[in-house]
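Along the sequence shown, the residues carry numbers beginning at 1.
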Amino acid sequence: MDYDSLPFPRTDLALAAMRHARDIEDPAIFNHSMRTYLYGRFIGEQEGRRPGHDYDDELLFLGCVLHDAGLGDTGLGDTGLGDSEQPFDIDGADHAVGFLAGLGVSPERLEVVWDAIALHLHPDVALRKRPEIALVSAGAGFDLGPQGPYTLPAGYADRVHAALPRLRGSAALYDAIVAQGLANPHKAPPFTLTGELLRQHTGQSWPTWQQLMTQPPSWNDYGPPAA
């Protein structure tokens with residue numbers, strides 16, 4: 001693919017992360033991850049944040065390109081996470097940190113990447129964090145639905161999609177998340193985004209608050225008053 005006209009960082013670390021994401025992810029999810037960086041960077045510029053000045057551009061790219069690693073064929077079994085009951089965002093954060101640590105990334109930078117990936121489904125939290133975290137969530141959301149006060153320059157989306165076709169990206173993400181939840185419901189717990197997608201697919205009902213509070217083991221808060 002021709003990325004030359006797009007402002008991706010070209011450091012050795014960025015290229016290694018890009019190749020790794022491309023190797024483990026479905027092409028539609030990989031393209032989404034790459035577009036996440038472009039739109040996150042664009043949103044940052046709209047907010048007056050300059051790459052390389054107001055935030056670490058390489059660090060933003062690492063969080064973006066690896067933010068859906070938990071939906072890929074990550075070989076997590078090699079690190080003891082193959083049978084994980086964690087949602088994909090936490091699996092992806094753990095995997096990204098393991099991969100980048102092997103390339104010599106410092107613990108301080110690894111912490112930022114972990115937070116960016118683990119929080120990308122929680123924009124209400126992520127958007128209050130440093131730009132390298134906030135713009136991962138913002139960029140991922142914008143790629144799924146270009147909403148908000150931002151208007152792309154004329155022709156920019158066409159250039160992005162020519163280099164990184166959508167390939168039904170939203171549907172591919174849904175299918176991958178649901179497949180994980182069907183295989184292991186603990187990866188899609190109730191009242192989370194992943195759990196909601198699984199609920200929509202299966203038609204199951206959420207338990208009520210009282211049901212959750214009274215399932216064993218329980219403190220019996222809904223039982224008769226203690227003597």
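Heavy-atom neighbours of Arg10 CZ from other residues, nucleotides or ligands within 6.0 Å: above the threshold of 12. Remark: Glu111 CD is loosely packed, at most 12 non-hydrogen atoms of other residues, nucleotides or ligands lying under 6.0 Å away. Crowding of Asp12 atom CG: a count of heavy atoms from other residues, nucleotides or ligands under 6.0 Å not exceeding 12.
Cluster membership check: Leu15 shares its hydrophobic cluster with Leu66, using side-chain heavy-atom separations under 4.5 Å among Ile, Leu, Val, Met, Phe, Trp and Tyr. Under a hydrophobic clustering in which Ile, Leu, Val, Met, Phe, Trp and Tyr are joined whenever their side-chain heavy atoms come within less than 4.5 Å, directly or via other members, Leu127 and Val136 fall into different clusters. Taking hydrophobic clusters as Ile, Leu, Val, Met, Phe, Trp and Tyr residues chained together by side-chain heavy-atom distances below 4.5 Å, Leu103 shares a cluster with Trp114. Follow the hydrophobic side-chain contacts under 4.5 Å out from Leu173 and you reach Leu182 in the same cluster. Note on Phe191 and Leu198: separate hydrophobic clusters, where clusters join Ile, Leu, Val, Met, Phe, Trp and Tyr whose side-chain heavy atoms are under 4.5 Å apart, directly or indirectly.
Closest approach of Phe30 to Met18, counting heavy atoms only: CE1-O, 3.5 Å. In terms of heavy atoms, Pro189 sits closest to Thr194 at CD-OG1, 3.9 Å. Residues Leu193 and Leu121 come closest through the heavy atom pair CD2-CD2, 3.7 Å. Here the shortest heavy-atom pairing between Asn184 and Ser84 reads ND2-O, 3.4 Å.
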Exercise for the section: Verify side-chain contact (heavy atoms from CB on, under 4.5 Å) between Lys187 and Phe88, making sure each step is shown before the conclusion. Expected result: CA-CA 7 Å; Lys187 298 184 77 64; Phe88 82 90; 5.5 Å; no
Practice task
Evaluate the side-chain contact (heavy atoms from CB on, under 4.5 Å) criterion for residues His201 and Leu197: first the C-alpha distance (whole Å), next the side-chain angles of each, then the deciding distance (0.1 Å), finally the verdict.
Solution key: CA-CA 6 Å; His201 181 80; Leu197 297 187; over 6 Å; no
Practice task
Applying side-chain contact (heavy atoms from CB on, under 4.5 Å), run through Thr36 and His120 and close with a yes or a no.
Solution key: CA-CA 11 Å; Thr36 290; His120 83 271; over 6 Å; no
Handout entry: Val113 and Leu59: CA distance, side-chain angles, deciding distance, side-chain contact (heavy atoms from CB on, under 4.5 Å) verdict
Key = CA-CA 7 Å; Val113 173; Leu59 207 51; 3.7 Å; yes
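When side chains are defined from C-beta on, Arg130 does not count as touching Tyr55, because their heavy atoms never get closer than 4.5 Å. Using a 4.5 Å heavy-atom threshold, the side chains of Arg35 and Arg166 count as touching. You'll find the side chain of Val97 stays beyond 4.5 Å of the side chain of Ile117, heavy atoms only. At a threshold of 4.5 Å between non-hydrogen side-chain atoms, the residues His95 and His20 count as touching. Side-chain contact between Leu13 and Glu58: present, with at least one pair of heavy atoms (C-beta onward) separated by less than 4.5 Å. Taking 4.5 Å as the limit, every side-chain heavy atom of Cys64 sits out of range of all side-chain heavy atoms of Ser33.
Under the ring-ring contact (aromatic ring centres under 6.0 Å, His included) rule, Tyr37 has a single partner from Phe8, Phe42, Phe142, which is Phe8. Under the side-chain contact (heavy atoms from CB on, under 4.5 Å) rule, Leu60 has a single partner from Val65, Leu135, Val112, which is Leu135. Checking each of Asp57, Asp143, Asp54 against Arg41 for a salt bridge (charged side-chain N to carboxylate O under 4.0 Å, His left out) leaves exactly one that passes, namely Asp57.
Taking 4.0 Å as the cut-off between side-chain N and carboxylate O, Arg109 and Asp56 count as a salt-bridged pair.
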Using distance only, find each side-chain donor-acceptor pair of residues 144-159 under 3.5 Å and give its atom names and separation, not counting sequence neighbours.
from	atom 1	to	atom 2	distance (Å)
Tyr150	OH	Glu47	OE2	2.8
Arg159	NH2	Ser5	O	2.7

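The structure places NE2 of His161 at 10.0 Å from CG of Leu167, a figure rounded to the nearest 0.5 Å. Taken to the nearest 0.5 Å, the CH2 atom of Trp219 stands 13.0 Å off from the CE atom of Met213.
Within the structure, the side-chain hydrogen bond (donor to acceptor under 3.5 Å, both in side chains) test picks out no pair touching residues 169-179 (sequence neighbours left out).
No side-chain donor-acceptor contact under 3.5 Å links Gln211 and Gln215. Defined by atom type and a distance below 3.5 Å, a donor-acceptor pair is present between the side-chain atoms of Gln86 and Asp94.
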